[in-house]
2 protein chains.
Amino acid sequence: MGNLLSYQGAVEVENKEISQAVISRLPRYFRYLGELKDEGIERVSSQELSDIMKVTASQIRQDFNNFGGFGQQGYGYKVEYLYEEIGKILGLDKKHNLIIIGAGNLGQALANYMNFERRGFLFKGMFDNNPALFGKKIRDMEVRPMEELSAFVRENNIDIAVLTIPKSGAVAVAEQLVKDGIRGIWNFAHVDLNVPKSIQVENVHLSDSLMKLTYNINRYEQNGNI
Amino acid sequence: MGNLLSYQGAVEVENKEISQAVISRLPRYFRYLGELKDEGIERVSSQELSDIMKVTASQIRQDFNNFGGFGQQGYGYKVEYLYEEIGKILGLDKKHNLIIIGAGNLGQALANYMNFERRGFLFKGMFDNNPALFGKKIRDMEVRPMEELSAFVRENNIDIAVLTIPKSGAVAVAEQLVKDGIRGIWNFAHVDLNVPKSIQVENVHLSDSLMKLTYNINRYEQNGNI
DNA sequence: AAAAAAATGTCAATTCATTGACAGAACTGT
DNA sequence: ACAGTTCTGTCAATGAATTGACATTTTTTT
């Protein structure tokens with residue numbers, strides 16, 4: 001590694017595993033670069049980004065280099081190009097068919113609140129087991145009964161399922177989704193899903209997040225300012 | 001450190017900083033221990049927990065030890081005791097006054113969906129700048145205009161603000177909250193808040209989370225199974 | 001009561017992540 | 001076209017987190 005010359009900008013990178021620590025930072029880079037782009041700024045150096053984002057310039061360069069060098073010595077990075085490339089790394093150049101399972105408060109809020117289409121997520125359907133909701137339209141999408149889920153996932157090539165159901169049902173639904181060929185689960189249920197590692201799970205455990213906040217609040221109180 | 005004898009179970013631990021990596025795992029321990037407790041299980045060893053939770057037993061012991069030894073050699077950990085202690089560490093034994101700022105889809109969903117009271121969070125109010133929402137009741141709590149926010153936070157000793165407003169307003173609102181004496185912000189806005197480090201911020205950037213998911217989905221596709 | 005088994009707390013080793021340093025490439029101004 | 005400046009890509013050093021190993025304590029069995 002290292003002596004494979006990059007002869008035309010974008011670069012071949014062999015299949016070395018990138019750490020999740022790096023991946024977790026990419027969306028934030030993407031967000032800041034998008035803002036710079038919108039402001040009409042064309043170039044940026046790692047030092048400038050460092051100042052704005054409050055991370056070390058070294059880390060920025062190291063992170064980008066995992067994917068093979070997007071910058072130019074003496075110049076910096078072209079904002080638009082870098083933005084596009086990070087988008088591609090994150091898979092945002094591809095379309096992903098998505099459904100929401102659980103049309104309660106949270107499911108409905110996500111349907112309305114997330115701008116799925118903006119980033120290539122195609123919102124294809126919504127499911128619940130509460131008959132009172134069947135047929136109700138949310139974002140132009142009627143709520144379907146859970147009985148139809150399995151066939152729907154197969155027939156519509158659903159890639160991503162958003163799980164916003166109580167934990168009691170979540171594990172079983174996840175297993176079914178795996179059988180039906182789902183590729184990723186965005187899991188809001190308060191439970192850990194047990195799926196093959198070929199299926200990607202991204203957990204959003206809101207209670208956990210809130211507990212971290214209270215820990216930090218109380219730690220600060222107790223220790224005085226550390 | 002190390003030769004301060006723990007002579008009665010719970011233990012004095014001096015103010016050494018605990019890494020956020022450890023803190024992030026505590027809510028998950030808490031969840032699993034709660035489940036064990038509900039099943040009536042009284043004792044558990046680090047090895048048993050390891051099997052259930054899929055983390056190494058060594059890490060479990062190391063994590064707990066940061067707070068001073070909750071177990072007993074040859075026996076293991078008392079589930080209920082450990083559960084209580086972790087709850088205390090996380091600050092769940094204390095009451096926290098909480099408000100939601102932004103009564104849109106997400107704000108309303110959180111108000112209804114999170115069982116705030118269950119963990120000592122007292123839901124005290126909800127704010128928005130949309131007049132159409134003023135007075136609307138969500139979880140028995142009427143939506144108040146933003147003009148009243150500042151006084152309300154001061155008068156009601158609000159500890160935690162949940163920010164579910166668009167990013168355009170978020171930074172300014174956060175600054176105001178700091179002036180009014182807030183202690184923690186649970187931030188759902190797609191922007192990084194710039195507050196003194198005495199104020200705790202816990203970010204929930206949902207888009208970032210979804211991007212991580214697509215990265216992992218696409219990585220798996222491209223590399224074949226790693 | 002003694003021996004065997006179980007399981008923690010903790011030290012050391014290892015692995016992983018971040019930061020620092022700098023050679024060399026590209027740009028900029030004269 | 002040259003000299004000076006900028007700034008990346010990358011290697012090495014440092015720091016942080018995880019895992020492994022084991023002495024010691026307690027429990028359990030005989």
Side-chain angles (χ1 to χ4, degrees), chain A residues 1-14 16-26 28-29 33 41-79 81-82 85, chain B residues 1-14 16-26 28-29 33 41-79 81-82 85:
Chain A
M1 157 76 229
N3 54 0
L4 97 177
L5 287 177
S6 61
Y7 58 98
Q8 52 168 358
V11 159
E12 298 165 60
V13 173
E14 59 259 60
K16 91 170 122 85
E17 183 96 28
I18 312 277
S19 82
Q20 290 294 311
V22 174
I23 304 308
S24 299
R25 287 191 290 266
L26 292 183
R28 187 153 178 267
Y29 292 132
L33 289 166
I41 294 169
E42 288 182 359
R43 68 184 260 192
V44 69
S45 70
S46 59
Q47 188 54 57
E48 286 165 335
L49 256 188
S50 162
D51 294 339
I52 309 172
M53 296 186 64
K54 321 278 190 212
V55 298
T56 64
S58 186
Q59 179 163 76
I60 291 173
R61 294 203 296 278
Q62 194 81 283
D63 281 351
F64 292 168
N65 248 113
N66 281 293
F67 307 96
F70 298 131
Q72 230 170 341
Q73 286 171 329
Y75 178 89
Y77 300 88
K78 292 198 168 159
V79 170
Y81 173 68
L82 186 53
E85 289 302 311
Chain B
M1 154 80 227
N3 54 0
L4 94 178
L5 287 176
S6 61
Y7 59 98
Q8 54 168 356
V11 161
E12 298 165 58
V13 173
E14 60 261 58
K16 89 170 122 82
E17 183 96 29
I18 311 277
S19 83
Q20 289 294 311
V22 174
I23 304 309
S24 300
R25 287 191 290 266
L26 292 183
R28 187 152 179 267
Y29 292 132
L33 289 166
I41 294 169
E42 288 182 359
R43 68 184 260 192
V44 68
S45 70
S46 60
Q47 188 54 58
E48 285 164 336
L49 256 188
S50 162
D51 294 339
I52 308 172
M53 296 185 63
K54 322 278 192 212
V55 298
T56 64
S58 186
Q59 180 163 77
I60 291 172
R61 294 203 297 278
Q62 195 81 281
D63 282 349
F64 293 169
N65 248 116
N66 281 293
F67 306 97
F70 298 132
Q72 230 171 342
Q73 286 173 331
Y75 178 90
Y77 300 89
K78 292 198 168 158
V79 170
Y81 173 68
L82 186 53
E85 289 302 313

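Note on naming: letters A, B, ... go to the chains in the order of the sequence lines (proteins, then strands), and numbering restarts at 1 for each one. Heavy-atom basis, side chains included; hydrogens, waters and symmetry copies ignored. Please read all numbers here as calculations on a predicted model, not as lab measurements.
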Checklist entry - What is the distance, rounded to the nearest whole Å, between atom CZ of A/Phe67 and atom C1' of D/dG9? => result 15 Å
Item to check | Integer-rounded Å distance: C/dT8 P and B/Leu82 CG | outcome: 11 Å
Checklist entry - To the nearest 0.5 Å, how far apart are CZ in B/Arg25 and OG in B/Ser19? => result 6.5 Å
Next on the checklist: Rounded to whole Å, please give me the gap between CD1 in A/Ile60 and P in D/dT8.
Outcome noted: 9 Å
Checklist entry - For DNA chain D, what residues of residues 45-53 of chain A have any heavy atom nearer than 4.0 Å? => result A/Ser45, A/Ser46
Next on the checklist: From CG of B/Asn65 over to P of C/dT8, roughly how many Å is that when rounded to an integer?
Outcome noted: 10 Å
Checklist entry - Whole-Å distance between D/dT10 P and A/Phe70 CZ? => result 12 Å
Next on the checklist: Does C/dA6 have its OP1 or OP2 closer than 4.0 Å to a side-chain nitrogen or oxygen of B/Arg43?
Outcome noted: no
Checklist entry - Looking only at atom types and distance, does a side-chain atom of B/Arg43 sit under 3.5 Å from a main-chain N or O of B/Gly76, one as donor and one as acceptor? => result no
Item to check | A/Tyr29 side chain reached by A/Met53 side chain, heavy atoms, under 4.5 Å | outcome: yes
Next on the checklist: I want to check something: taking the side chain as every heavy atom from C-beta on, are A/Phe64 and A/Leu82 in contact at a cut-off of under 4.5 Å?
Outcome noted: yes
Checklist outcome for this item: When rounded to whole Å, the CD to P distance for the pair A/Glu17 and C/dC16 reads 11 Å
Next on the checklist: On DNA chain D, compare the nucleotides closest to A/Gly74 and A/Phe64; which residue's is nearer the 5' end?
Outcome noted: A/Gly74
Checklist entry - Which part of the nucleic acid does A/Tyr77 contact within heavy-atom distance under 4.0 Å: base, sugar-phosphate only, or nothing? => result sugar-phosphate
Checklist outcome for this item: Between B/Val55 and B/Ser50, the two heavy atoms sitting closest are O-OG, 2.8 Å
Checklist entry - With under 30° as parallel and over 60° as perpendicular, where do the rings of B/Tyr81 and B/Phe70 fit, or are they tilted in between? => result perpendicular
Next on the checklist: For a quick test of reading the model: is some side-chain N or O of B/Tyr75 closer than 4.0 Å to OP1 or OP2 of D/dT24?
Outcome noted: no
Item to check | B/Arg25 CZ - D/dA16 P separation (whole Å) | outcome: 16 Å
Next on the checklist: Looking at every non-hydrogen atom in both residues, tell me the closest pair between B/Gln47 and B/Ala57 and how far apart they are.
Outcome noted: OE1-CB, 3.8 Å
Item to check | N/O donor-acceptor pair under 3.5 Å between B/Asn66 side chain and B/Asp63 backbone | outcome: yes
Checklist entry - Is any N or O donor-acceptor pair between the side chain of B/Gln73 and the base of D/dT26 shorter than 3.5 Å? => result no
Item to check | Side-chain (A/Gln59) to main-chain (A/Thr56) donor-acceptor, under 3.5 angstrom | outcome: no
Checklist entry - Please give, in whole Å, the distance from D/dA16 P to B/Ile23 CD1? => result 16 Å
For nucleotides 19-21 of chain C, print each protein N/O atom paired with a nucleotide N/O atom at under 3.5 Å, atom names and distance only.
from, atom 1, to, atom 2, distance (Å)
C/dT19, OP2, A/Thr56, OG1, 3.1
C/dT19, O4, A/Gln62, NE2, 2.6
C/dG20, N7, A/Ser58, OG, 2.8
C/dG20, O6, A/Ser58, OG, 3.4
C/dA21, N6, A/Arg61, NH2, 3.2

Checklist outcome for this item: From the candidates D/dT26, C/dC27, C/dT10, the one with an atom nearest any side-chain atom of A/Gln72 is C/dC27
